[in-house]
Amino acid sequence: MAKLQAAGREEEIWAALDKKEQFAKLLQKWSLYASAQEIFAYLLAKAEHEFNHFVHPKIPLVSAMDIDQIVYDRIVQTTINECGVNVFVLNHGTAMGMLYWLAEQCFIRWHK
């Protein structure tokens, strides 16, 4: 969660930990199912791409609130629309947990 601190988003740390843990538990629950792992790999790769190409470049240019809106529009809501009511249910918190999980794994950065 040092990345959130570096980005000046300290107030998000506890919620981020909770959401990341929700996502990690979902990953673990479906870890023995190859088809579920393929779906998660797709969703994570898409989230990483969207964040690194459409969110991260705007971090020094716009407010945190604007960044949150871009994250919601480009990643969270599209993830829910694409996969939210399939075999496993993804909600908005779990979709955000994907981003926090990606940050912990050093795939994305919340700061410039």
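Numbers here simply count residues along the sequence, with the first being 1. Atoms considered below: every heavy atom in the structure, side chains included; atoms not considered: hydrogens, waters and symmetry mates.
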Hey, is NZ on Lys112 packed in by over 12 heavy atoms from elsewhere, all under 6.0 Å? yes
Give the minimum heavy-atom separation between Cys106 and Lys3, together with the two atoms involved. SG-NZ, 3.4 Å
When you measure from the side chain of Asn52 to the backbone N and O of Arg109, does any donor-acceptor pair fall under 3.5 Å? no
Any side-chain heavy atom of Ile75 within less than 4.5 Å of one from Val55? yes
By ring pair (Phe, Tyr, Trp, His ring centres under 6.0 Å), which residues pair with His111, not counting sequence neighbours? none
Applied to residues 40-57, the salt bridge (charged side-chain N to carboxylate O under 4.0 Å, His left out) test, sequence neighbours excluded, yields Lys46-Glu82, Glu50-Arg74
Ser63: which residues meet the side-chain contact (heavy atoms from CB on, under 4.5 Å) condition with it, sequence neighbours left out? Met65, Asp66
Can you measure from SG (Cys83) to CD1 (Ile39) and round to the nearest 0.5 angstrom? 5.5 Å
Got a sec, which residues hit ring pair (Phe, Tyr, Trp, His ring centres under 6.0 Å) with Tyr42, two or more places apart in sequence or on another chain? none
side-chain contact (heavy atoms from CB on, under 4.5 Å) filter on Ala95, not counting sequence neighbours, yields Val76, Thr79, Ile80
Looking at residues at least two apart in the chain, or sitting in another chain, which of them share a side chain to side chain donor-acceptor pair (under 3.5 Å) with Thr78? none
Report the distance from atom CH2 of Trp101 to atom CG of Leu44, rounding to the nearest 0.5 Å. 5.5 Å
Donor-acceptor contact below 3.5 Å, side chain His53 vs main chain His49: yes
Sequence neighbours left out, what passes side chain to side chain donor-acceptor pair (under 3.5 Å) with Gln5? Give chain and number order. none
Please list, one pair per line, the donor and acceptor atoms closer than 3.5 Å that link side chains of residues 7-20 to other protein atoms, with sequence neighbours excluded.
| unit_1 | atom_1 | unit_2 | atom_2 | d |
| --- | --- | --- | --- | --- |
| Arg9 | NH1 | Glu12 | OE1 | 3.3 |
| Arg9 | NH1 | Glu12 | OE2 | 2.3 |
| Arg9 | NH1 | Asp68 | OD1 | 2.9 |
| Arg9 | NH2 | Ala64 | O | 3.2 |
| Arg9 | NH2 | Asp68 | OD1 | 2.9 |
| Glu12 | OE1 | Tyr100 | OH | 3.1 |
| Asp18 | OD2 | Gln22 | NE2 | 3.3 |
| Lys20 | NZ | Glu104 | OE1 | 3.4 |
| Lys20 | NZ | Glu104 | OE2 | 3.3 |

Would you say CD of Gln28 has more than 12 non-hydrogen atoms from neighbouring residues, nucleotides or ligands within 6.0 angstrom? no
Restricting to side-chain contact (heavy atoms from CB on, under 4.5 Å), what partner residues turn up for Glu38, sequence neighbours left out? none
Do Thr94 and Met98 pass the side chain to side chain contact (heavy atoms under 4.5 Å, CB included) test, and can you show the C-alpha distance, the side-chain angles, and the key distance before you say yes or no? CA-CA 6 Å; Thr94 310; Met98 282 185 357; 5.7 Å; no
Got a sec, which residues hit ring pair (Phe, Tyr, Trp, His ring centres under 6.0 Å) with Phe51, two or more places apart in sequence or on another chain? Trp110
Listed partners of Phe54 passing ring pair (Phe, Tyr, Trp, His ring centres under 6.0 Å), at least two apart: none
Ring centroid separation for Phe40 and Phe23, is it under 6.0 angstrom? yes
Those residues that, when tested against Lys58, pass side-chain contact (heavy atoms from CB on, under 4.5 Å) (two or more places apart): Val62, Ile67, Ile70
